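Inspection log for the structure reproduced underneath, given as C-alpha cells.
Quick note on labels: first sequence line is chain A, next is B, and so on, each numbered from 1. Worth saying up front: this structure is predicted, and the values here are computed from it rather than measured.
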2 protein chains.
Amino acid sequence: MIEGSPLRADAQRNRARILDAAEAIFAEFGTRASTEEVARRAGVAIGTVFRHFPTKDDLLAAIMKRLLAQLVEEAGKRDLFTFFTHLVAQAAAKKTVVDLLAGSGVDIRLPDAVGHLEEAVGRLLEQARAAGAVADSVRLPETMALLTSLCQGALHGGWDQQLQARTLTVVFAGLKRD
Amino acid sequence: MIEGSPLRADAQRNRARILDAAEAIFAEFGTRASTEEVARRAGVAIGTVFRHFPTKDDLLAAIMKRLLAQLVEEAGKRDLFTFFTHLVAQAAAKKTVVDLLAGSGVDIRLPDAVGHLEEAVGRLLEQARAAGAVADSVRLPETMALLTSLCQGALHGGWDQQLQARTLTVVFAGLKRD
DNA sequence: TATCAAAGTGAGTCTCCACTCATTATTCTC
DNA sequence: GAGAATAATGAGTGGAGACTCACTTTGATA
C-alpha cells in the first residue's frame with residue numbers, strides 16, 4: 001500500500017465520519033442503501049463522499065476492510081466456540097460483514113483481509129483441536145463455511161437468542177465429534 | 001383464493017412461459033435481474049409480463065410459491081439427511097429459493113407456502129428421530145435454521161462438492177448427538 | 001365468419017441513484 | 001496574513017429499470 005501525502009485535517013475528519021456513517025447505514029439497510037443517505041448521515045455533501053471513495057464499491061470495500069480487521073482482532077481474544085457465538089449474535093447488527101462474507105451482489109475483492117480472518121480462525125481451530133474440543137477431522141474450509149452460513153442465517157432469519165443457542169448447540173456438537 | 005374467469009389459451013401459454021423464464025433468469029442472476037430480461041427470455045413483450053404480474057414482487061412471489069411447492073413434494077420422498085444434502089447441492093443453481101428463504105431485500109409474504117415446507121421438514125425430523133438418526137433434543141426451529149443457513153452459505157460461497165460434503169458431515173454429526 | 005372482450009405490444013414516463021465538475025471554502029506553508 | 005494547494009459543495013448528468021397506456025392483435029362465442 002502506497003502512502004500519499006498526508007490528508008488535510010478536515011479531510012481526515014470527514015473521511016472518518018463517512019466511514020462511520022456508511023457502517024451504520026449499510027448495517028441498518030443493507031448495501032442497497034444509497035450513497036446520498038450515507039452523505040446525509042455523515043453531515044457531508046455527496047461530492048465529498050465521492051472524493052474519498054471514487055465508487056460505491058470502494059466505500060464498501062473500505063468499511064468491510066475495517067470490519068474484518070475488527071473480527072480478526074476479536075478472534076485473537078477468544079476461543080473458537082465463543083467467537084462463533086459472538087459473531088452469530090452480532091450478525092443481525094452487521095448486515096455489512098455478512099454481505100461481504102457472502103459476496104452478495106457487490107463486486108469487491110478483499111483477498112488480504114479475508115485471508116487474515118481465515119488465518120485467525122485457523123489458529124482458533126488448531127487450539128480447539130489441541131485441547132480436544134474439536135474432532136481431528138474438522139478442517140478450516142468447513143469451519144469457515146459454517147461460520148459464514150450461520151451468520152447469514154442469523155441475519156436474514158432474524159433469529160432470537162434461543163434459536164441462536166439451539167442452532168449453535170447442534171453445530172458445536174458436530175464439531176466436537178464427527 | 002378466488003377463481004376469475006378462465007384464461008384465454010394464449011394467456012395461459014404466456015403465463016407459463018413467463019414463469020419458466022423468470023425462474024431461469026432469477027436462478028442465474030438473482031432477483032436483481034430486470035423484468036425486461038425475463039420478458040426477453042419468455043419471448044413476450046414487457047407489457048405482457050406486467051399484465052400477468054402487476055409488480056415485480058408479484059412475479060417473484062409466484063415463482064417462489066412454485067419452488068416451495070416443489071421442495072415440499074421433494075421432502076415427501078426423502079429422509080432428512082438426503083433432503084438436506086440435495087437442497088444444499090441445488091442451492092447454487094437456485095438463487096431464488098435461497099433469496100426467498102432468506103427474505104433478502106424482496107418484500108414478499110408467503111406464510112402458507114413456507115408453513116407447508118416447515119411441516120414437511122417437521123415430518124422428516126420426526127421420522128429421523130424415531131429411527132434414532134437424530135438426537136431427541138433437536139427441534140424443528142433449529143433444523144430449519146440450519147437448512148436455510150447452509151443453503152445461503154452454499155449459494156453465496158460457491159461451495160464445491162467436497163466442501164458441501166465436509167460441511168454437511170459436521171452438521172449431521174451434530175444432529176445425531178448433541 | 002363477424003363480433004368484441006381479452007390479451008399482447010413496445011415506445012414512453014417516472015423515479016432513483018451513481019457519479020461529475022465548476023465554483024466556493026478551508027488548510028497549510030512561508 | 002497572502003498565496004497556493006487541497007478539499008468541500010451540490011446542482012446537474014446519464015443510465016437503468018419498474019411500470020403505463022393508446023393502440024393492435026387474437027381467441028372465444030354465437
How many Å lie between [atom1] on [X] and [atom2] on [N], as a whole number?
X: B:F26; N: D:dG17; atom1: CZ; atom2: P; result: 12 Å
X: A:I18; N: D:dA7; atom1: CD1; atom2: P; result: 12 Å
X: B:R32; N: D:dA18; atom1: CZ; atom2: P; result: 12 Å
X: B:R40; N: C:dG10; atom1: CZ; atom2: C1'; result: 13 Å
X: A:D10; N: D:dT9; atom1: CG; atom2: P; result: 9 Å
X: A:Q12; N: C:dC28; atom1: CD; atom2: P; result: 9 Å

Are any of [X]'s side-chain N or O atoms less than 4.0 Å away from OP1 or OP2 of [N]?
X: B:T48; N: C:dT9; answer: yes
X: A:N14; N: D:dA8; answer: yes
X: A:H52; N: D:dA8; answer: yes

So what does A:R13 touch, heavy atoms closer than 4.0 Å: a base, only the sugar-phosphate, or nothing?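 Sugar-phosphate, backbone atoms only, no base.
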Before you tell me yes or no, could you show the steps for A:L124 and A:F84 under side-chain contact (heavy atoms from CB on, under 4.5 Å), namely the whole-Å CA-CA distance, both residues' side-chain angles and the distance that decides it to 0.1 Å? CA-CA 10 Å; A:L124 293 183; A:F84 257 69; over 6 Å; no
Name all residues meeting the side-chain hydrogen bond (donor to acceptor under 3.5 Å, both in side chains) criterion together with B:E37; count only those two or more places apart in sequence or in a different chain, and write none if there are none.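 Scan of B:E37 (side-chain hydrogen bond (donor to acceptor under 3.5 Å, both in side chains), adjacent residues dropped) gives B:R40.
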Between A:R41 and A:E28, does any NZ, NE, NH1 or NH2 come within less than 4.0 Å of an OD or OE carboxylate oxygen?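 Salt bridge between A:E28 and A:R41, a charged N being under 4.0 Å from a carboxylate O: yes.
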Would you mind checking if B:R15 and B:D20 are paired as a salt bridge, meaning a charged N to carboxylate O distance below 4.0 Å?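 Salt bridge between B:D20 and B:R15, a charged N being under 4.0 Å from a carboxylate O: no.
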Shortest non-hydrogen contact between A:A91 and A:L155, atoms and distance: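 So the minimum-distance heavy-atom pair works out to O-CD1, 3.8 Å.
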Using atom types as modelled and distance alone, determine if a side-chain donor or acceptor of B:R129 lies under 3.5 Å from a backbone N or O of B:V138. yes
Measure all distances between protein nitrogen or oxygen atoms and nitrogen or oxygen atoms of nucleotides 1-6 of chain C, and list the pairs falling under 3.5 Å.
{"residue": "C:dA6", "atom": "N3", "partner": "B:R8", "partner atom": "NH1", "Å": "2.5"}

Under the 4.5 Å side-chain heavy-atom rule for ILVMFWY, direct or indirect, which residues accompany A:L7?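 Other cluster members: none.
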Apart from B:F50 itself, what residues make up its hydrophobic cluster, given side-chain heavy atom links below 4.5 Å? B:I46
For B:F81, enumerate each residue passing the ring-ring contact (aromatic ring centres under 6.0 Å, His included) test, keeping only those at least two apart in sequence or located in another chain.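 Only B:F172 meet the ring-ring contact (aromatic ring centres under 6.0 Å, His included) criterion with B:F81.
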All N/O contacts under 3.5 Å from nucleotides 19-21 of chain C to the protein, with atom names and distances to one decimal?
{"residue": "C:dC19", "atom": "OP2", "partner": "A:K56", "partner atom": "N", "Å": "2.7"}

